[in-house]
Every structure is written in structure tokens, then in C-alpha cells.
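It should be emphasised that the depicted structure is a prediction, and the values quoted were computed from it without experimental measurement. Letters A, B, ... mirror the listed sequences (proteins, then strands); counts begin at 1.
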Amino acid sequence: MTRYWLFKSEPSVFSIDDLATVRSTSWDGVRNYQARNMLRDDVKPGDRVLFYHSNADPTGVAGVARVVKGAHPDTTAFDPKHDHFDPKSRASEPTWYVVDVRHEKTFSRVVTRDALAADPVCAKMMVLKKGSRLSIQPVTEAEYDAVLRLAK
DNA sequence: GCCAACGTTGGC
DNA sequence: GCCAACGTTGGC
């Protein structure tokens with residue numbers, strides 16, 4: 001079953017253009033247990049991803065990606081020199097996981113929060129809720145399709 | 001830069 | 001187990 005997700009990233013750190021350049025990448029650095037559980041248990045190859053730019057101008061969905069590999073350990077947690085190092089996570093029993101995603105499409109214009117809020121389907125999305133900090137969020141197929149329509 | 005909302009830590 | 005303090009996220 002194909003599922004649909006929204007992945008947040010600050011474009012100053014990693015943007016949809018960066019993903020387009022590298023083609024595919026491991027989505028590392030997720031350090032929240034709720035998001036980790038979804039990455040580890042629910043995000044599967046073939047799933048579709050809305051790539052969301054947070055802390056950005058403009059803020060919103062900048063494109064789409066595809067999951068190409070399911071959960072495997074986030075090795076950045078093992079590296080003491082890495083920003084995402086976490087001494088609690090060990091190779092024998094990893095705390096944190098990544099999935100691999102491949103660039104699929106960069107929208108010609110970002111689907112902004114205002115545009116999402118103005119759409120009857122997208123208005124209910126988790127990402128629009130005040131204080132919604134979850135960096136991996138489930139979206140419905142209807143929401144995913146509606147965002148693609150808004151991107152046209 | 002501000003600050004509200006949230007998650008985590010740690011003293012008790 | 002409670003909860004205050006703290007750090008982080010993220011919109012504005």
C-alpha cells in the first residue's frame with residue numbers, strides 16, 4: 001500500500017534543489033521518537049513524500065520525492081564529530097533510523113501555507129496546525145493529490 | 001529577533 | 001510519577 005508523507009527540511013540546511021542535485025539521499029538527523037517510529041515502522045519503498053520547506057521564504061511544499069529504501073540505521077548518530085551524534089545510539093542497537101528518498105519533482109512555485117490553508121482539502125493538514133513540530137507527518141492521498149493540483 | 005508550543009531532562 | 005526548567009522548532 002502506497003502511503004503519503006510530508007517531510008520537513010530547512011532549505012538553508014537541505015533544500016529540494018539540493019535533493020535534485022544529489023538525486024537521492026538518506027533522510028538523516030530525525031531525532032524525535034514519534035517521527036522515528038514512523039520512519040522505522042511505516043515509511044516504505046514506493047511511498048510518496050511532500051518535501052516541505054520550513055523556516056523559509058516562502059514556507060511550504062517545494063516538491064515531491066519518492067521513498068526508495070525503507071528504514072536502516074542513521075549512521076550519523078554514531079559519529080562523535082557529526083552534528084547529529086547521539087551517544088545513546090549504538091550500532092548494535094540503533095536509536096535512530098533513516099529512509100532513502102529520491103527526487104521526483106521540484107514545483108515551479110512553492111505551494112505556500114496560505115495556499116494550503118485556502119484549499120478545502122489541504123486546510124486540515126497537520127502541518128498547518130499551530131505548534132505542529134513533527135518533522136515526519138502522514139498525509140492522506142486526497143491531501144497529496146490536492147497539493148499537486150495547487151502546484152500546477 | 002520574538003515568542004508560543006512542544007519535547008526532554010532531572011530533581012524531588 | 002510529577003512538574004519546573006530548559007532547549008528546540010518554526011511561523012511570523
Side-chain angles (χ1 to χ4, degrees), chain A residues 3-22 25-43 47-65 67 70-101 103-140 142-152:
Chain A
R3 297 183 191 184
Y4 301 83
W5 307 96
L6 179 146
F7 285 15
K8 281 186 203 168
S9 182
E10 299 194 21
S12 62
V13 178
F14 188 78
S15 70
I16 188 81
D17 290 340
D18 293 329
L19 183 59
T21 301
V22 298
T25 192
S26 292
W27 199 265
D28 61 22
V30 171
R31 295 292 180 269
N32 167 284
Y33 286 100
Q34 206 181 336
R36 186 281 311 269
N37 290 346
M38 285 187 282
L39 280 186
R40 189 190 56 190
D41 304 333
D42 302 323
V43 181
D47 287 1
R48 297 177 182 277
V49 174
L50 299 173
F51 194 118
Y52 180 89
H53 281 174
S54 62
N55 263 317
D57 187 17
T59 292
V61 180
V64 290
V67 178
H72 51 112
D74 185 343
T75 56
T76 65
F78 306 144
D79 179 1
K81 292 190 290 294
H82 201 284
D83 280 350
H84 300 145
F85 175 59
D86 182 354
K88 292 193 303 294
S89 186
R90 274 174 247 120
S92 57
E93 205 177 341
T95 306
W96 307 113
Y97 288 82
V98 298
V99 299
D100 292 359
V101 298
H103 180 267
E104 199 144 78
K105 180 187 281 190
T106 300
F107 294 157
S108 51
R109 57 198 162 83
V110 171
V111 178
T112 63
R113 291 176 67 81
D114 284 350
L116 293 172
D119 181 87
V121 176
C122 298
K124 296 210 174 69
M125 290 173 71
M126 185 186 298
V127 74
L128 293 182
K129 294 212 176 74
K130 189 174 180 181
S132 172
R133 291 168 47 173
L134 201 56
S135 63
I136 305 290
Q137 303 182 359
V139 302
T140 67
E143 288 164 348
Y144 182 91
D145 290 346
V147 171
L148 287 198
R149 254 182 279 118
L150 292 174
K152 293 227 168 76

Dump the intermediate steps for side-chain contact (heavy atoms from CB on, under 4.5 Å) on A:Glu10 and A:Ser15, then the final yes or no.
CA-CA 7 Å; A:Glu10 299 194 21; A:Ser15 70; over 6 Å; no
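- C:dG10 atom P lies 11 Å from atom CD1 of A:Ile136, rounded to whole Å.
- Taking atom CE of residue A:Met126 and atom P of nucleotide C:dT9, one finds them 18 Å apart after rounding to whole Å.
- One can place CG of A:Asn37 at 14 Å from C1' of B:dG7, the figure rounded to the nearest angstrom.
- At whole-Å resolution of the value, NZ in A:Lys8 and P in B:dG7 are 11 Å apart.
- In this structure, the ring of A:Trp27 has its center less than 6.0 angstrom from the ring center of A:Phe51.
- Rounding to the nearest 0.5 Å gives a distance of 10.5 Å between OG1 of A:Thr59 and NZ of A:Lys8.
- Separating the NE2 atom of A:His53 from the C1' atom of C:dC12 is a distance of 19 Å, rounded to the nearest angstrom.
- Within the 4.0 Å cut-off from OP1 or OP2 of C:dT9, not a single side-chain nitrogen or oxygen of A:Tyr52 is found.
- Protein atom CG of A:Leu134 is 8 Å distant from nucleotide atom P of B:dG7, rounded to whole Å.
- Comparing C:dC12, B:dA5, B:dG7 by their closest approach to the side chain of A:Lys130 singles out B:dA5.
- Residues A:Asn55 and A:Lys88 both approach DNA chain B. Their nearest nucleotides, taken by heavy-atom distance, put A:Asn55 toward the 5′ side.
- Closest approach to the A:Tyr33 side chain among B:dT8, C:dG11, C:dG10 is made by B:dT8 (side chain taken as heavy atoms from C-beta onward).
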Pair A:Tyr33-A:Trp96, ring pair (Phe, Tyr, Trp, His ring centres under 6.0 Å): steps then yes or no:
CA-CA 8 Å; A:Tyr33 286 100; A:Trp96 307 113; 4.8 Å; yes
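- Summarising the geometry, the separation between CG on A:Asn32 and P on C:dG7 is reported as 19 Å, rounded to the nearest angstrom.
- Listed pair A:Arg31 / B:dT8 fails the phosphate criterion, with no side-chain N or O lying under 4.0 Å from OP1 or OP2.
- The distance between atom CG of A:Asp114 and atom P of C:dC12, rounded to the nearest whole Å, is 7 Å.
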